[in-house]
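Down below is the structure, laid out as structure tokens.
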Protein chains: 2
Amino acid sequence: MSNHPAAPAAPHGARHADDEQLLRDAGLRATGVRVAVLRALDRLQHATADDVVRAVRTDIGSASVQAVYDTLHALTGAGLLRRMEPAGHPARYERRVGDNHHHVVCRACGAVADVDCTVGQAPCLTPSATQGFTIDLAEVTFWGLCPDCASRP
Amino acid sequence: MSNHPAAPAAPHGARHADDEQLLRDAGLRATGVRVAVLRALDRLQHATADDVVRAVRTDIGSASVQAVYDTLHALTGAGLLRRMEPAGHPARYERRVGDNHHHVVCRACGAVADVDCTVGQAPCLTPSATQGFTIDLAEVTFWGLCPDCASRP
DNA sequence: ACGTTTTCTGGAACGATTCCAAGTTGCGTC
DNA sequence: GACGCAACTTGGAATCGTTCCAGAAAACGT
């Protein structure tokens with residue numbers, strides 16, 4: 001488990017080789033690219049599509065950009081991945097799904113980290129006046145400076 | 001005040017013609033385009049840059065795309081406007097600044113509405129573990145369906 | 001009236017992502 | 001073990017919102 005310095009609280013339950021089963025359980029074929037994408041996101045947190053392409057290529061030798069995008073979409077759609085897109089930055093993907101956690105984004109370098117919300121499980125999930133909207137998700141993004149960027153103007 | 005069916009809580013204080021003073025107070029020249037942009041956003045809430053371009057052109061006859069983008073940046077930088085960018089949608093601008101309010105975005109049509117957070121003034125503004133980040137803003141976005149889109153599959 | 005700032009026109013470029021078509025590979029099932 | 005469909009490949013072009021460029025003209029505030 002040395003690759004999992006801080007194991008996510010999310011119950012995605014799969015250990016490396018079991019990603020195949022995870023995919024099948026979700027009704028998806030367990031293909032090379034898909035397994036490699038999951039493995040890549042096991043190591044890289046909040047990786048961009050580009051990060052994933054590179055990681056997958058290092059892992060299994062080659063993969064087309066489209067295959068990776070397709071996979072990211074399929075896995076996100078199946079609920080195996082979560083997608084977040086900080087304003088002004090490319091989308092980022094993570095395996096931590098199902099728990100309601102939020103993100104801090106560094107204004108300077110764009111680094112992203114996870115944060116658990118203070119306010120219990122479902123934070124501001126019930127706004128007072130919803131304007132008639134049916135709400136299914138509350139997304140909280142904190143903006144600031146990461147430790148590195150804070151220590152230089 | 002018929003244009004202000006629900007006057008924003010934000011104390012931006014300016015009535016139509018006083019936008020010029022508002023600009024000067026912010027250290028900006030009160031130019032035609034800038035005043036027109038403010039006026040446009042008085043009517044249109046959560047307008048895209050494109051919406052603003054069209055509104056400004058209807059208002060003062062003509063304006064270049066760049067002038068509007070420049071203005072939106074200048075005014076946002078001066079704190080007269082707030083910019084929000086829902087994932088997968090173009091940026092939107094609004095005059096309601098200084099209060100901490102949040103947004104609902106319709107997954108289907110992209111419509112945006114304001115919401116006040118249930119949890120008092122500074123909602124999830126103090127996350128438990130900030131990972132060493134210095135946080136200056138908490139942005140909350142609710143996702144769901146607007147009344148219109150909810151009433152058709 | 002002057003100097004500075006802003007806006008203009010018109011164009012090209014950007015980055016992330018999507019889409020295309022047609023051919024190949026490789027899963028999973030029978 | 002073979003078959004059929006889903007997934008992947010290559011290579012290219014296109015999208016959209018936004019930014020950047022340069023030089024000239026206009027407009028603002030002192």
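First the proteins, then the strands, lettered A, B, ... as listed; each starts at 1.
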Task: Any side-chain heavy-atom pair of A:Asp136 and B:Arg107 under 4.5 Å - done: yes

Task: Separation of C:dG28 P from A:Asp25 CG (nearest whole Å) - done: 12 Å

Open item on the list: What's the gap between C:dG10 and D:dC16 when it is taken at their P atoms, as a whole Å value?
Closed with: 22 Å

Open item on the list: I want to verify a distance call: between C:dT17, D:dA7, C:dT7, whose nearest atom is closest to the A:Thr31 side chain?
Closed with: D:dA7

TODO: Classify the angle between the aromatic ring planes of A:Tyr69 and A:His73 as parallel (below 30°), tilted (30 to 60°) or perpendicular (above 60°).
DONE: tilted

TODO: Check every strand shown and say whether B:Ala91 touches a base, only sugar-phosphate, or nothing at a heavy-atom separation below 4.0 Å.
DONE: sugar-phosphate

- [ ] Counting heavy atoms from C-beta on, name the nucleotide in C:dT7, D:dG29, D:dC8 closest to the side chain of B:Ala30.
- [x] D:dG29

TODO: Go through C:dT7, C:dT4, D:dT19 for me and flag the one nearest to the B:Arg29 side chain.
DONE: C:dT4

Open item on the list: Please compare B:Arg24 and B:His73 by the position of their nearest nucleotide in DNA chain D and report the one closer to 5'.
Closed with: B:His73

Task: Which residue lies more 5' along DNA chain D, comparing A:Gln66 with B:Val65 via nearest heavy atoms - done: A:Gln66

- [ ] Side-chain contact test, heavy atoms from C-beta onward, threshold under 4.5 Å: evaluate it for B:Leu28 versus B:Leu75 and give yes or no.
- [x] yes

Task: Atom-pair distance (CG on B:Leu72; C1' on C:dT7), nearest Å - done: 14 Å

- [ ] Name the nucleic acid region contacted by B:Thr48, choosing base, sugar-phosphate or nothing; use a 4.0 angstrom heavy-atom cut-off, strictly under.
- [x] nothing

TODO: Side-chain contact test, heavy atoms from C-beta onward, threshold under 4.5 Å: evaluate it for B:Arg57 versus B:Val53 and give yes or no.
DONE: yes

Task: Contact under 4.0 Å: B:Thr71 side-chain N or O vs C:dT7 OP1/OP2 - done: yes

Open item on the list: Base, sugar-phosphate or nothing for A:Ser64? Non-hydrogen atoms, less than 4.0 Å.
Closed with: base

Task: Residue B:Pro90, side-chain heavy atoms: nucleotide from D:dT18, C:dT17, D:dT9 that is nearest - done: D:dT18

